[in-house]
Amino acid sequence: MPLPFRPRIALWSALLSGIVLVVFFGVTAWMVFDNMLEEADSELRIAIESQKIDFEARGAKGLTSRTTTKLSAEDAEIVLINWTEVNLRERIEHARQVKWPDPVEPEFGSKPFSVTRKIDGRYWREMSRGASIEYEVDGTPYKRLFEVRMALDVQEILDEVGSMVKRYLRALPAAMIFIGLGAWWVAGRAAKPIRKIIATAEHITPEGLGERIEGVESADEIGRLARVLNRMMDRLEGAFQQQRRFSSDASHELRTPLAVMRTPLATVLQQ
């Protein structure tokens with residue numbers, strides 16, 4: 001059995017609004033997460049540059065294995081994975097402070113390359129980047145090329161986004177109920193003129209063709225429907241009145257000839 005108009009409108013409104021809200025919040029959460037990852041990449045670039053300055057000043061002993069930075073109002077840990085010198089296609093590892101899987105791209109050059117990894121149950125944003133140090137010895141320029149890998153703990157970012165998603169999902173049913181109630185009220189307001197039209201149409205009979213739809217004067221489609229129905233009832237009432245007049249006139253015209261014919265017929269029947 002199909003649902004009546006009012007609850008059907010309320011249910012469809014709540015369902016469609018819920019879908020729109022879920023899509024909107026999904027896009028919003030993804031944008032927030034992507035923005036946080038961009039912030040993490042920026043912090044990693046700064047940390048790599050800082051390591052380069054320390055290496056230029058103090059060599060491998062100046063490299064810092066762990067540090068913290070402010071990321072989205074939270075302390076996030078940055079770790080040095082390795083600092084490797086490239087010399088005649090041979091890699092000389094100057095520092096490897098933590099145990100870490102091999103890089104996704106073994107040869108990454110100077111362009112930064114970022115990837116998110118799960119290490120020991122936590123998510124890290126890893127950046128691989130090439131670095132170069134130029135110096136002179138006895139007036140002869142030299143250039144040392146390095147491959148640097150550092151990572152920043154982004155578990156707190158994921159926890160923050162996940163907490164935001166959970167809070168939103170808990171609030172979503174209440175929002176859908178509120179939208180459904182609002183649609184129920186709006187549908188009731190919209191159906192009120194239709195109920196007047198139905199009530200008037202149910203009371204129209206051949207003896208009561210003077211009934212008309214009252215109180216529906218809006219300029220929308222429902223008001224136009226009421227005016228069209230009223231004009232139709234005017235035409236029906238006129239047609240019924242014309243039929244009654246024709247029947248009355250016909251009976252009056254036939255009454256005299258029948259009376260004239262009745263006497264001879266009665267005489268004939270009595271013989």
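Position 1 is the first residue of the sequence; numbering continues from there.
- Under a hydrophobic clustering in which Ile, Leu, Val, Met, Phe, Trp and Tyr are joined whenever their side-chain heavy atoms come within less than 4.5 Å, directly or via other members, Val22 and Phe178 fall into different clusters.
- Side-chain contacts under 4.5 Å among hydrophobic residues (ILVMFWY), followed directly or transitively, place Phe24 with no other residue at all.
- Under the 4.5 Å side-chain heavy-atom criterion for grouping Ile, Leu, Val, Met, Phe, Trp and Tyr, Leu11 is not connected to Leu181 through any hydrophobic cluster.
- You'll find the side chain of Trp124 reaches within 4.5 Å of the side chain of Val79, heavy atoms only.
- For the atom pair Met127 CE and Arg149 CZ, the distance stands at 13.0 Å (nearest 0.5 Å).
- When all heavy atoms of Ser17 and Ser13 are compared, the pair lying nearest together is OG-O, 2.7 Å.
- When all heavy atoms of Val154 and Ala40 are compared, the pair lying nearest together is CG1-CB, 4.1 Å.
- Two different hydrophobic clusters hold Val115 and Trp30 under the rule that ILVMFWY side chains link at heavy-atom gaps under 4.5 Å.
- Within the 3.5 Å criterion, the main-chain N or O of Leu21 finds a donor-acceptor partner in the side chain of Tyr168.
- Taking every heavy atom of both residues into account, Trp83 and Gln51 meet most closely at CZ3-CB, 3.9 Å.
- When only modelled atom types and interatomic distance are considered, Thr69 and Glu43 share a side-chain donor-acceptor pair under 3.5 Å.
- Side-chain contacts under 4.5 Å among hydrophobic residues (ILVMFWY), followed directly or transitively, place Trp185 together with Val186.
- Within the model, atoms CD of Glu38 and CG of Asp34 stand 5.0 Å from one another, a figure rounded to the nearest 0.5 Å.
- Residues Leu37 and Ile46 do not share a hydrophobic cluster, defined by chaining ILVMFWY side chains whose heavy atoms lie under 4.5 Å apart.
- To the nearest 0.5 Å, atoms CZ (Arg167) and CZ (Phe25) are separated by 8.0 Å.
- Taking the side chain as every heavy atom from C-beta outward, Tyr123 and Asp153 never approach each other to under 4.5 Å.
- Under the 4.5 Å side-chain contact rule for hydrophobic residues, Leu169 and Val161 share a cluster.
- Atom CZ in Phe33 sits 11.0 Å away from atom CE in Met164 (nearest 0.5 Å).
- Met150 and Ile81 make their closest contact through C-CD1, 3.9 Å (heavy atoms, listed as atom of the first residue, atom of the second, distance).
- Looking at every heavy atom in both residues, Ser128 comes nearest to Glu126 through OG-OE2, 3.7 Å.
- Gln155 and Asp159 form a side-chain donor-acceptor contact under 3.5 Å, judged by distance and modelled atom types alone.
- Residues Leu44 and Ile78 share a closest heavy-atom pair of CD2-CG2, 4.2 Å.
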